[in-house]
Participant: 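First the structure, then my questions, so here it is.
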Amino acid sequence: IQMVMALNALANQYGQLKEYDKGFAALDEASAIAAKTNSPGRMATLKNTEYGLAVETGQAARGLKALREALALERKIGAESMVVGSLVDLSDSYLRQRDYERAASYALQAITAARRLQRGGSEATARVNLGQAHLGRGRLLEGKREFEAGLAYFEASGDKPELQMVLAEY
């Protein structure tokens with residue numbers, strides 16, 4: 001298991017260095033080892049890494065597939081904190097594809113899960129996503145309300161880097 005996580009870290013490092021082929025190669029090696037360990041949690045972590053690399057290389061379909069697989073594994077083992085992150089990422093992904101119905105669905109699931117775990121930042125990000133999805137569907141008042149509620153959390157918590165990132169993303 002240590003080798004799997006080391007290779008996962010290496011794949012992430014290659015991603016930061018924009019050496020994506022090496023990142024995918026390290027991820028493939030980690031996945032082969034993880035498949036033998038029967039560890040759904042490790043496989044979910046690897047799928048999340050694959051999602052990140054796929055997004056960075058413009059492979060949206062591959063990224064969504066990896067993220068949906070990660071979510072299924074996370075739910076299977078009850079890794080609620082990981083579930084929240086995957087739900088937020090799925091909402092983001094569907095927003096980028098302008099699939100506002102799915103983006104809203106995943107954002108609502110993320111809000112519920114984040115509240116249950118008292119993860120205010122994740123809830124706020126999901127509310128911004130839900131706002132964007134509503135705006136994309138022409139539901140302007142709801143969209144504005146959710147978007148502003150999400151931003152208000154970041155302002156109130158003093159999380160300026162996250163606020164800047166959210167504003168830059170949209």
Side-chain angles (χ1 to χ4, degrees), residues 8 11-12 15-16 20 23-24 27 40-170:
N8 184 65
N12 280 310
Q16 290 175 358
Y20 302 114
F24 282 118
L27 188 60
R42 300 291 183 247
M43 289 302 295
T45 297
L46 296 174
K47 290 295 179 185
N48 277 297
T49 298
E50 181 180 357
Y51 161 74
L53 289 172
V55 167
E56 289 295 316
T57 57
Q59 299 177 60
R62 179 179 182 173
L64 278 172
K65 181 179 182 289
L67 199 49
R68 286 191 302 262
E69 290 172 2
L71 179 62
L73 290 165
E74 293 156 3
R75 284 182 165 156
K76 177 181 175 182
I77 63 173
E80 292 300 314
S81 185
M82 292 175 75
V83 166
V84 171
S86 290
L87 290 169
V88 170
D89 287 343
L90 281 162
S91 181
D92 281 337
S93 293
Y94 283 115
L95 278 174
R96 283 192 291 279
Q97 292 186 355
R98 293 182 163 74
D99 185 341
Y100 301 119
E101 293 298 322
R102 285 187 181 150
S105 174
Y106 283 111
L108 284 167
Q109 292 176 62
I111 289 167
T112 300
R115 281 183 183 156
R116 195 169 44 245
L117 297 178
Q118 299 179 4
R119 288 191 40 198
S122 295
E123 180 183 343
T125 301
R127 290 189 76 177
V128 167
N129 288 354
L130 181 58
Q132 289 289 10
H134 284 327
L135 291 170
R137 295 184 296 176
R139 296 165 62 178
L140 303 181
L141 290 177
E142 290 172 277
K144 184 176 184 278
R145 182 181 66 238
E146 292 294 338
F147 190 86
E148 288 177 349
L151 293 183
Y153 172 86
F154 294 121
E155 288 182 75
S157 67
D159 194 345
K160 301 295 186 218
E162 184 66 22
L163 178 60
Q164 290 171 336
M165 187 176 78
V166 167
L167 290 172
E169 187 173 359
Y170 301 107

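Quick caveat: nothing in here was measured; it's all calculated off a predicted structure.
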Participant: Distance from Asp99 atom CG to Tyr106 atom OH, nearest 0.5 Å?
Facilitator: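 Here the interatomic distance stands at 9.5 Å.
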Participant: As an exercise, state the distance from CZ of Arg116 to CD of Glu123, rounded to the nearest 0.5 Å.
Facilitator: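 If we round to the nearest 0.5 Å, Arg116:CZ and Glu123:CD are 12.0 Å apart.
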Participant: Over all heavy atoms of both residues, which pair between Leu27 and Ala11 is shortest? Give the atoms and the distance, please.
Facilitator: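 The pair with the smallest heavy-atom distance is N-CB, 4.1 Å.
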Participant: Calculate, to the nearest 0.5 Å, the distance between atoms CD and NZ belonging to Glu74 and Lys47 respectively.
Facilitator: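 Reported value, rounded in 0.5 Å steps: 12.0 Å.
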Participant: Enter the distance from Phe24:CZ to Gln59:CD here, rounded to the nearest 0.5 Å.
Facilitator: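 If we round to the nearest 0.5 Å, Phe24:CZ and Gln59:CD are 4.5 Å apart.
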Participant: Are more than 12 heavy atoms from other residues, nucleotides or ligands located less than 6.0 Å from atom CZ of Arg62?
Facilitator: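 Yes, CZ of Arg62 has more than 12 neighbouring heavy atoms, counting only those of other groups under 6.0 Å.
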Participant: Do His134 and Leu141 come within less than 4.5 Å of each other through their side chains, counting heavy atoms only?
Facilitator: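 They are not in contact (no side-chain heavy atoms under 4.5 Å apart), so the answer is no.
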Participant: If you measure only the distance, is there a donor-acceptor pair under 3.5 Å linking the side chains of Asn129 and Glu146?
Facilitator: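 The answer is no; no qualifying pair exists.
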Participant: Does a donor on one side chain sit under 3.5 Å from an acceptor on the other, for Asn8 and Thr49?
Facilitator: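 Yes - a donor-acceptor pair under 3.5 Å links their side chains.
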Participant: What's the verdict on side chain to side chain contact (heavy atoms under 4.5 Å, CB included) for Ile111 and Arg127, showing C-alpha distance, side-chain angles and the deciding distance?
Facilitator: CA-CA 7 Å; Ile111 289 167; Arg127 290 189 76 177; 3.6 Å; yes
Participant: Quick check: do Gln97 and Leu64 have side-chain heavy atoms less than 4.5 Å from each other?
Facilitator: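 A side-chain contact under 4.5 Å exists here.
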Participant: Does any part of the side chain of Leu135, heavy atoms only, come nearer than 4.5 Å to the side chain of Glu142, both counted from C-beta?
Facilitator: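 They are not in contact (no side-chain heavy atoms under 4.5 Å apart), so the answer is no.
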Participant: Is there a donor-acceptor pair closer than 3.5 Å between any side-chain N or O of Asn48 and the backbone N or O of Ala44?
Facilitator: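 Yes.
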Participant: Backbone N or O of Leu87 within a donor-acceptor pair of the Ser91 side chain at under 3.5 Å?
Facilitator: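 The answer is no, because no donor-acceptor pair under 3.5 Å joins these two groups.
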Participant: Any chance you could measure Leu67, atom CG, to Leu90, atom CG, to the nearest 0.5 Å?
Facilitator: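 Taking CG in Leu67 and CG in Leu90, the distance rounds to 3.5 Å.
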Participant: Taking all non-hydrogen atoms of both residues, which atom of Phe154 and which atom of Gly150 are closest, and how far apart?
Facilitator: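 Shortest heavy-atom separation between Phe154 and Gly150 comes out as CD1-O, 3.3 Å.
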Participant: Side chains of Tyr51 and Ser93 only: does a donor on one sit below 3.5 Å from an acceptor on the other?
Facilitator: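 Side-chain D/A pair, Tyr51 to Ser93: present.
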Participant: Is a side-chain N or O of Arg119 found less than 3.5 angstrom from the main chain of Ser81, in a donor-acceptor match?
Facilitator: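 Yes, Arg119 side chain to Ser81 backbone: donor-acceptor pair under 3.5 Å.
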Participant: Can you measure from CG (Leu140) to CZ (Phe147) and round to the nearest 0.5 angstrom?
Facilitator: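 Reported to 0.5 Å precision, the distance equals 13.5 Å.
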Participant: Using modelled atom types and a 3.5 Å cut-off, is there a donor and acceptor pairing between side-chain atoms of Ser86 and backbone atoms of Val83?
Facilitator: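 Side chain of Ser86 to backbone of Val83, a donor-acceptor pair under 3.5 Å: no, none is there.
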Participant: Any idea which heavy atoms bring Ala126 and Val88 closest together, and the distance?
Facilitator: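 So the minimum-distance heavy-atom pair works out to CB-CG2, 4.3 Å.
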Participant: Can you name the nearest heavy-atom pair linking Val84 to Ala114, along with the distance?
Facilitator: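 Closest approach of Val84 to Ala114, heavy atoms only: CG2-N, 3.8 Å.
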